Amino acid sequence: MPDSPEQVVREVGKRLAQPRLGKDALVKLLKQAENALSELSQSSFLQDALHALSKSLVQTTLLNHKDKDVKLLVAVCFVEVMRILAPDPPFSDEILKEIFSLFISIFADLTETSSPYLTRRMKILENVAALRCSMIMLNIGCEDLILDMVKIFFTSVRQGLQQSVCQAMLSIMMQILNEKVTQPLVDVILRNLVKDDKGASHKLAFDIIHNCAEKLEPIIRSFLSSCISNKDIPVNDLRKLHHRVILEIFQCAPQILFAVIPNLTHELLSEQVDIRLEAVHLIGRLLTLSNLHFGQENKLVFIEFLRRFSDKSAEVRIAAIDAAKACYMAKSSGDEARDILTSLQGRLLDFDEKVRIRAVNTVCDLAKSNLSSFPHEVILLAAERLRDKKASVRKNVMHKLLELYRDYCGKCSKGTAAVNPHYEQIPAKLIVCFHNDIESFRPQNMELIFTEELFPSSLPPKERATHWIEFFSYFKPEHIKALNIIFSQKRRLQLEMQAYLSLREKKEEPSDEIQKKICASFRKMATSFADSSKAEECFKHLHQMRDSNIFKDLVGLIDEGTTFATGRLIRDSFLKRIGHKHPMHSFFKILSIKCSYSIFNREMICDIFESLLSCGNELTDYVESACDLLLVVALMFPSLFRGSEEYLLKLFSEESVLINEKTLRILAHLAKSTHLLSINFSNVVYPLLEQKCIEGIRAESKYAITAIASLHSPDDQKFAKLCKKVVSGLNDNRNVPTLLQSLGSILEHSPSVYELYGRQIVKSIQDILLSTEFISTSGQSSLDGNSTCCCSCKLKVYCLKALVKGFLPRIARARINSILGKLLEYEKGLFPDIALCENDSPYLQLAAGKCVLKLAARWDSHISPELFRNTILMARDPSYIVRKSFICKLYGLLKKRAIPVRYACAFALASTDCSGDVRDESASYLSEVLKEQRRFFVQQNRASKDSIVDNPAYSVVFLIHTLAYDGGLPSNYYEDETSFPEFCSPLCVMLRELVEIDSFNRTEHGPTISSVSVLSGIFRAIQKAEDPADSEITPKLHILSKIGLLIVKELDKHCKMSDSPRHILLPSSYYKLSGSERKADECCQENFISDKVVKRILKAHEPYKHKDNVKCSFVSERVSNESAPEREACSSLSKLVGQNASVCDKGKGNKSLASGKAVSKKKDQNTNNSLEKENVSSCGSAGTKLSSPGSWGLSKEADSRDCVSLLDKQNRPMNRCSTRNTRASEADHNSCRQTVDISNFRLRECSFKRDHGKGLSESQKHEALLSGSLVLCNDLEDVGDCDDNFVKPPLSNKRAGLKKKGKRALQLVNSQSSDVTGVDTRDNVRCTRARKVQV
């Protein structure tokens, strides 16, 4: 019978007491003891049986044995003995300390998970936990051992250990902490809690705090509060990590932090940036972890956190933005989320660019995370940063918005997002951001954005078309202008590439000639790239390539029929042939994009048509946008509409409601540009076009006639039949405005119709002009809902327009002088053949001025000086609406280079207007027109260097002549402190702009290119000329020219008279050779002009900007502050124009423009006295006055009576630029806008024509040369008339005669006839050179 466990234990205990036992013997005995002890249950009666073993185990040789196996077995035996005899282990305190030390050393080996002894070690740990040995350790004062044990626990715990081991460790720790909590022990726990490695040790610490929160709270709270409040205490590694401690505790035992969280406001308000920074990071994490509930529970801390968005440190603000992103992604609803988003929104306008960049990035990322719920207004505000003053911000915003829009398009394609109008506004924001300081924003690179970065590369063409239609509905004129710039650059490159590829194939021409053309093509194509010089070199390298397939690929790319998919394949093939390692690979990649139809192609056009037609007959915003988009593409790429006849037939079907102004314009342009619409198509749509000409609106009839003219021959009988119907409709008073538009367009496109129906046309127009009754307009209640002009007046204006269009064809040459004479009468306010209503005169005068501009495009050589002066003086009309409308119309014509640049004098006259927007626009228009004219002149001058007529400086010739006819030039101009600088303001503005352009773009093309040298020559030539019509004007010409010369010298200190052109040609209808040199001397004998006068003029008209349309200009304020004497209320120039503008009332006579008489002195004194009482100051333009705020009500009252700004001049003389009775506030401006129609107010951006005078036959040129005479000035050296400081009195006749022998003088060529009132300056130049005579 085997021995019992008690007997085995006794026997082993005895044998272990024997000395000098070897390891093997010890191991064998200890294992026997282990097995026997494991079979014994807990019982205090076994103490005697275990006495021998217990006594042997405590021997020093066993307790401190060096062998690990022996030590482990000894520990197992100890723990078994303690288990059996619990709760009273048979050991002293000292022995227990050694036993616990042995246990702890065994625990350190728990990391050896592959050891065969792991089970025994786990057994010891579990028994220590179960027996609550930690309590014994605390009772016998083993705190140091406990601390070591806790450290070993955290060190040895590993992922993969059995759950029972971790649970035993946790149990031991809980026993200790529930009994006694010490700071060192808490420090160990917290250090493991904030470890970067979130492993088993972190979880153990987490569980410990979670289960012992109540016991740990006091000491942890004290520790954290000390870390927050007492920054002077020496910092250890744990104190540095107190924010991480808070964060971890917040997740496991947030109740511990109730008293700690409020103290975080101290850190948020700290003077140290790094402390505030860490606090913001912490609170952001706390908000995120709690789904913003932290903000609800800790209001004060949350409020202070929101204030950190406006912290003085950019780092803190950026940290707050990062926190806002995480918070809003965690929860996007509730008051706290709205408060955070509002604070984030405010950082979009931060003064630090890094903060703005981070704010924009955060907004875009948040929008991507939730496209549907994110507030769209915040996205649009972020998009406004595309106009940021910092280039880095703009560039970053562009890329983030593109990323957002691509993500949006991708989700729409997948069906996870719906079309959202707010996201569709992003392209509109992007397209207007042209900036030269950022390469990505340059027009050359914006095409790449819309091609490669706007849409996902995999987006189908149909969905691209849908998005284009959607976001095009948000395009305004400035967006369309920017898009047209992109399209025009792309079109130019494609056309030049076609020309280049054609040149490569030519063999018959000489190689040198082909090479020159190829180089010219390279230069033109290089302008489509950001670095044109580098691009030109790359094109040369391309030309040297021998692989013909490369050029075949280019031919395929510029093919209009290439689809998106095929285009991508061709591009890949092209770049593969170039080679990815080629140093110019990036250039060729861009070239392949620019050459291909990568934005729009025929495939896209068909998709747009399908989307348009799928909407049925509903005129929605989507339909309007589709029509607008097709129109823009048709105007730039009409060839893409080839093969679209089927869609056009559906569009223009009888039941379609889509036949409107836009679709008719598309048809008209396609018919004129592509010539691919079949005869059958023309016959099908003609009845609809004819219907629009009779029953449509004016815009529809205009484009319908254009379409008919393009689809049919101008001499087609259809025009004759249509004209007959139009005239019949006019006689029946049906839809008269549209019929007048149709009539004018017919006369313009088919002049022969006038020969057939001229009498009927004239009679119908005369009937309307003489009518004072209201004429029915087929349901149109008003011609313009915002206009106070009656329908009868509107119809008279339409009659003038229709009549003038009949004179645009060259066949009307014989009748042109008659219409010009009529228009001059109308501009003067004389309407002998028109029945006037009460309010008609201002509108008809404006219409007459615009008609003159229209005729100037073809018949400028027939426009007399008087008609020219009256026309440009429209820029100083008393009516704000007239001035505004006139300069806008003038700008449109000059922008298209349809009329000579001399008409830009009107901008100089209006550039000192008292209305801020008119003043600013006029100055802007003047600058732009002069700059473009200079570029045109420089290009032309390379081929022909013998003409200065096209030089923008030549406009001064006409400006001086216009000013000379002003009666407001003071006789004591050299002493006048106020009115004389105002009088010279247009000349000063013009000269300053010319000199600035010349200095900024100074070239080395010779003296004839320089505007300064040309100006010097012009002024000195005028001093030797006189007015051909009125000798009293000549002294004024000389005075103004001398002042102009001194102004130029003052503005350009490097001006050299020797650079002036040798020959200055003056228009003979404006100037002639001075017949009496003595008389010319005498007229200037006493006019001593000092440099003070010129400097006073320049000082009074220094460049300035105005933000207020109501207050007077700073120019006149400066003038008025200089000992301002009594000043006239209005300049004589404006009075003169006002007198000429007076309306003939009941057959009474009208004043003549040539009179030049000023208002009576008594009236001037009364006016001055009233102005002084009202503290009136000048508005910067000649004769312009504005009432002070004190007289505001009077001005408004005067303005409000029946639109006085337009009507008063019928009853009394009024200055052209007076605002006293026309306008006193911006509100009055708006009122005028609401009561007066501004036709042609919307400007169109068109490309400049090369030469509006080209195409004239020899007979036409000869006709332009028939009238007038020309003045020729040679060798314009200093004769003593002026120097850098002042103008000297002219020499006596005797001395002048001596000087004359050594100097060339003015040459005069008398005209052969004087029938025509004006001459074309360009033709005059040619004539003079051919007929030059010595004087």
Side-chain angles (χ1 to χ4, degrees), residues 3-109 117 120-149 152 172:
D3 296 335
S4 64
E6 292 87 347
Q7 294 176 347
V8 174
V9 169
R10 286 190 179 97
E11 185 63 27
V12 169
K14 293 177 182 179
R15 296 181 62 183
L16 285 176
Q18 297 177 4
R20 298 180 180 178
L21 292 175
K23 174 185 175 182
D24 294 338
L26 288 175
V27 170
K28 182 178 180 181
L29 291 173
L30 289 173
K31 285 183 178 180
Q32 292 176 0
E34 175 188 9
N35 295 330
L37 290 172
S38 62
E39 295 179 7
L40 296 176
S41 298
Q42 182 178 2
S43 175
S44 58
F45 299 106
L46 295 176
Q47 187 171 2
D48 293 338
L50 299 178
H51 177 73
L53 179 61
S54 301
K55 185 176 180 181
S56 298
L57 289 175
V58 297
Q59 293 179 14
T60 304
T61 54
L62 288 179
L63 193 58
N64 297 322
H65 203 283
K66 294 183 179 179
D67 186 78
K68 293 180 64 176
D69 296 342
V70 175
K71 288 176 64 176
L72 177 60
L73 292 172
V74 170
V76 172
C77 292
F78 269 126
V79 79
E80 287 293 339
V81 171
M82 295 176 68
R83 176 183 66 81
I84 296 171
L85 299 179
D88 298 316
F91 308 110
S92 64
D93 291 351
E94 293 299 325
I95 296 298
L96 284 174
K97 288 182 180 179
E98 293 188 21
I99 292 173
F100 291 141
S101 178
L102 176 63
F103 288 166
I104 292 172
S105 66
I106 299 299
F107 294 158
D109 295 332
Y117 303 122
R120 288 190 176 93
R121 294 166 184 160
M122 291 171 54
K123 184 178 181 180
I124 297 172
L125 178 63
E126 292 171 359
N127 280 302
V128 168
L131 296 174
R132 299 177 62 89
C133 294
S134 56
M135 297 297 96
I136 300 174
M137 297 173 68
L138 290 173
N139 291 334
I140 63 177
C142 297
E143 285 82 358
D144 53 342
L145 289 178
I146 291 177
L147 185 60
D148 292 340
M149 180 178 63
I152 289 176
I172 294 171

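Everything numeric in this text was worked out from a predicted model, so none of it was measured. If you read the sequence from its start, that first residue is 1, and numbering goes on from there.
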ask   = Residues two or more places apart in sequence or in another chain: which of them pass side-chain contact (heavy atoms from CB on, under 4.5 Å) with Ala33?
value = Val12, Leu53, Cys77

ask   = Shortest non-hydrogen contact from Asp144 to Gly141?
value = OD1-O, 4.4 Å

task = Quick one: closest heavy-atom pair of Leu138 and Ile146, and the distance?
result = CD2-CD1, 3.1 Å

message = How long is the straight-line distance from CG of Leu50 back to CG of Leu85, given to the nearest 0.5 Å?
response = 5.0 Å

ask   = Of all residues at least two apart in sequence or in a different chain, which pass the salt bridge (charged side-chain N to carboxylate O under 4.0 Å, His left out) check with Glu143?
value = Lys180

query = Taking atom CG of Leu145 and atom SG of Cys133, what is their separation to the nearest 0.5 Å?
reply = 12.5 Å

query = Do His65 and Leu26 have side-chain heavy atoms sitting under 4.5 Å apart?
reply = yes

ask   = Hey, mind stepping through Leu30 and Val27 against side chain to side chain contact (heavy atoms under 4.5 Å, CB included) and telling me if it holds?
value = CA-CA 5 Å; Leu30 289 173; Val27 170; 5.9 Å; no

ask   = Does Arg10 have any side-chain contact (heavy atoms from CB on, under 4.5 Å) partners at least two apart in sequence or in another chain, and if so, which?
value = Glu6, Ala49

Could you list the donor-acceptor pairs under 3.5 angstrom formed by side chains in residues 91-109, with sequence neighbours left out?
| residue | atom | partner | partner atom | Å |
| --- | --- | --- | --- | --- |
| Ser92 | OG | Ile95 | N | 3.3 |
| Ser105 | OG | Leu102 | O | 2.6 |

query = Are any of the side-chain heavy atoms of Glu11 and Val8 separated by less than 4.5 Å?
reply = no

message = Within the 4.5 Å heavy-atom criterion, are Phe78 and Ile124 side-chain neighbours or not?
response = no

ask   = When rounded to the nearest 0.5 angstrom, what distance separates CZ in Arg120 from CG in Leu73?
value = 5.5 Å

inquiry  = Once side-chain contact (heavy atoms from CB on, under 4.5 Å) is applied, do any residues pair with Asn139, and if so which ones, sequence neighbours excluded?
reply    = none

task = Report the C-alpha separation of Leu29 and Gln32 in whole Å, then their side-chain angles, then the decisive distance to 0.1 Å, and conclude whether the side chain to side chain contact (heavy atoms under 4.5 Å, CB included) test is met.
result = CA-CA 5 Å; Leu29 291 173; Gln32 292 176 0; 4.0 Å; yes

message = Any heavy-atom pair between the side chains of Val128 and Met82 that's under 4.5 Å?
response = no

inquiry  = Please list all pairs meeting salt bridge (Lys or Arg N to Asp or Glu O under 4.0 Å) that have one or both residues in residues 75-86, counting only residues at least two apart or in different chains.
reply    = Glu80-Arg83, Glu80-Lys123

ask   = Under the side chain to side chain contact (heavy atoms under 4.5 Å, CB included) criterion, do Ile172 and Leu125 qualify, and how do the steps go?
value = CA-CA 9 Å; Ile172 294 171; Leu125 178 63; 3.6 Å; yes

